[in-house]
There are 2 protein chains.
Amino acid sequence: MARVRISDVAAAAGVSVTTVSLVLNDVESRISQETRDRVRAAATAVGYEPSALARGLRRQRTKTVGLISDQIATTPFAGRMLAGAQDVARANEHLVFLVDTGSDTEVEEAAIRALTAQQVDALIYAAMWHRVVSADVSLPAGTVLLDCRPADGVVGFPSVVPDDREGGAAATRELVAAGHTRIAYIDTAEAATRPLAADLRLQGYRAVLAEAGIAIDDRLHVHGETSHRGGREAADRLLDLPEHHRPTAMFCFNDRMATGAYTAIHARALQIPGDISIIGYDDQQFIAAEQDPPLTTIALPHYEMGRWAMEVALGIREGGVDAVHQMECPVIRRDSVGPPPAHVGKQNRRRTSQHTERSLSATPDR
Amino acid sequence: MARVRISDVAAAAGVSVTTVSLVLNDVESRISQETRDRVRAAATAVGYEPSALARGLRRQRTKTVGLISDQIATTPFAGRMLAGAQDVARANEHLVFLVDTGSDTEVEEAAIRALTAQQVDALIYAAMWHRVVSADVSLPAGTVLLDCRPADGVVGFPSVVPDDREGGAAATRELVAAGHTRIAYIDTAEAATRPLAADLRLQGYRAVLAEAGIAIDDRLHVHGETSHRGGREAADRLLDLPEHHRPTAMFCFNDRMATGAYTAIHARALQIPGDISIIGYDDQQFIAAEQDPPLTTIALPHYEMGRWAMEVALGIREGGVDAVHQMECPVIRRDSVGPPPAHVGKQNRRRTSQHTERSLSATPDR
DNA sequence: TTGAAAGCGCTAACAA
DNA sequence: TTGTTAGCGCTTTCAA
């Protein structure tokens, strides 16, 4: 593909290849202006485009970075993370090799080898859910971990993760501030693969409750699979609780589960947030904002994490090599959180209904 | 990064670099078995990993392909397309450079230059919506077009796109087969950037109607923006039609609009599919399957298109260089399509209700 | 059956 | 101010 070489430019300009290299790389300012112009003119005239391969080989720096991710197709978050990383790579004239391993360790190993063979200047290892990266993938030292953190005791890997504890706290605080005291946490199911995020959010939830002097009621901590159905079933269990234990607000592990909670609530002809407030997590594109009512939720800073990772990979930003950087999860306020119904709890204020537009369901369906 | 060289292996094995190269590349079978073993042992002993850079420079083939896409972050489809392309690249030991241009022509040009400089073996240009690629991006000949097609008269670019005409036909056929005769098409808004897909689906819709002997009623062809809100507003307009013109089925340009139609329908205490059948398009992850009831829709074959593109890029599959390959959009049957209500139309069969689980809304909200 | 050597296209130390 | 030249690490022709 790259046909015309530097020697062609040299010939065309009537100078040596050294001179061409010097002016095209803007080094050696002592080359006369006249020569510089001549070289540049010749270069464009012959349509010269330096070979990144040859340059990389010679310089031993390729301006290339490898990005290994475990799952790209199956998660809606991949895009924003990639976009963040891409944007800073491009701004710094680096190209990125993307390889998706589908969480297969063998593929992972092969990818690391292939990328090393390409002499990438840096490596980023991205997980699609906040987790610990297992010790059995042998990442080169200095690999930047994106949305995952090294196992305990493993050092030499900078890493960025969402601050899920604080996110869980923020969500809960939002509900407490609205006046709720019976706040449920619809958690993801217990499993071997339970994401770090789940426990962190739970910690945040509990801390805020404690801080607010609200006793922790274990019946309000339920589990489900992370899907519409899982959220719906968990919410149903909550709604089946005796009247005076029933929550007036639900904090859902993610937006998909929150949509399930919507369905469960509407199926009982209850209103959001009139009867029950809901807060989700993820701010998932095309989902959170398009619920009825639009879902208040906590955003995951994927784009920013992608940027951060690429910045430290390129050495632009100093990320302490052993630090795991926690990135803030902002709360996105929409319309699914309001005060609890007037007849419940103690700290309720009277309020005129602020949400006139509401759909409600009449037929329970279980 | 790549420290140990072929000469180190040669030294360790007590042979020349030629021999090492020959055995490691499995060429020249006349090398004695004994030597081969010794070389391989030496290679692993010293931890040798060939430099892809040096090899690429020498061979003038890099086993590398560039994938330029216009939008990656903002669409939920990117992942599946990338996954398809990735999978075949990996199976063929190629690495892929991913660059997202955000639809910026200048960035696009820069990307093409950079990728060319890297001497990628092939280039894929992916659009995130089925469209014509504008003539002002100067793609190298042979670039394969993914989810887009060359402008009329432009040749030399293999291309894959979804068969949207047939998809639109399939959707309509589904509704006709269920017994509907008043079938609306909720189209995307007219605009300069109107995707090819919109017109193609419309053609399919009209063709099937004609075929079925159903007169085309222009009132049933409405437009909206491609979002929940757009779908809802369009559906509302349809529902406002006088009783005997009101559609009993709606074919929506995409799933997001279909969810809007759900909201509009439920807000009038109507049932899906009891009163109105809905069919979407896209089979959007986490959306279509998680509606209540789960949405029947047409899937976009993104994964397969990604595979196809990479296959022709790598020369594994013969895609006629000037052909635009149409890929089938399968119908995904779920629960949002049923027969029209018994009291309407002529060709209705009596049927016991097959959908007992249904939520319905009691409060109109506009 | 194996090795010497040229060269892919570039950069940079050194020389002029 | 500019040019010669030695590699970067590999593959491959040609010779032995």
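Order of the sequence lines fixes the chain letters, A, B, ..., with proteins taken first and strands second; residue numbering starts at 1 for each chain.
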Strictly below 4.0 Å, N to O, side chains only: are [X] and [Y] in salt-bridge contact?
X: Asp164(B); Y: Arg131(B); value: no
X: Arg5(B); Y: Asp8(B); value: yes
X: Asp100(B); Y: Arg80(A); value: no
X: Glu34(A); Y: Arg38(A); value: yes

Ignoring hydrogens and angles, state whether a donor on the side chain of Ser51(A) or Gln119(B) is under 3.5 Å from an acceptor on the partner side chain.
->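 Result is yes, a qualifying pair exists.
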Between [N] ([atom2]) and [X] ([atom1]): distance, integer Å:
X: Gln60(A); N: dG9(C); atom1: CD; atom2: P; answer: 18 Å
X: Arg38(A); N: dG3(D); atom1: CZ; atom2: C1'; answer: 14 Å
X: Leu57(A); N: dG7(C); atom1: CG; atom2: P; answer: 17 Å
X: Arg61(B); N: dT12(D); atom1: CZ; atom2: P; answer: 11 Å
X: Gln33(A); N: dT1(D); atom1: CD; atom2: C1'; answer: 13 Å

Please lay out, stage by stage, how His130(A) and Arg149(A) fare under the test side-chain contact (heavy atoms from CB on, under 4.5 Å).
-> CA-CA 8 Å; His130(A) 182 178; Arg149(A) 69 201 314 162; 4.0 Å; yes
Look at Thr19(B) and dT1(C) and indicate whether a side-chain polar atom (N or O) is within less than 4.0 Å of OP1 or OP2.
->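 Checking dT1(C) against Thr19(B), no side-chain N or O comes under 4.0 Å of OP1 or OP2.
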Expected string for nucleotides 10-16 of chain C under the B/S/- scheme (protein heavy atoms, under 4.0 Å, primed atoms plus P, OP1, OP2 as sugar-phosphate) is BBBB---
What's the closest nucleotide to the Ile31(A) side chain, out of dG3(C), dT2(D), dG9(D)?
->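 Comparing dG3(C), dT2(D), dG9(D) against the side chain of Ile31(A), the answer is dT2(D).
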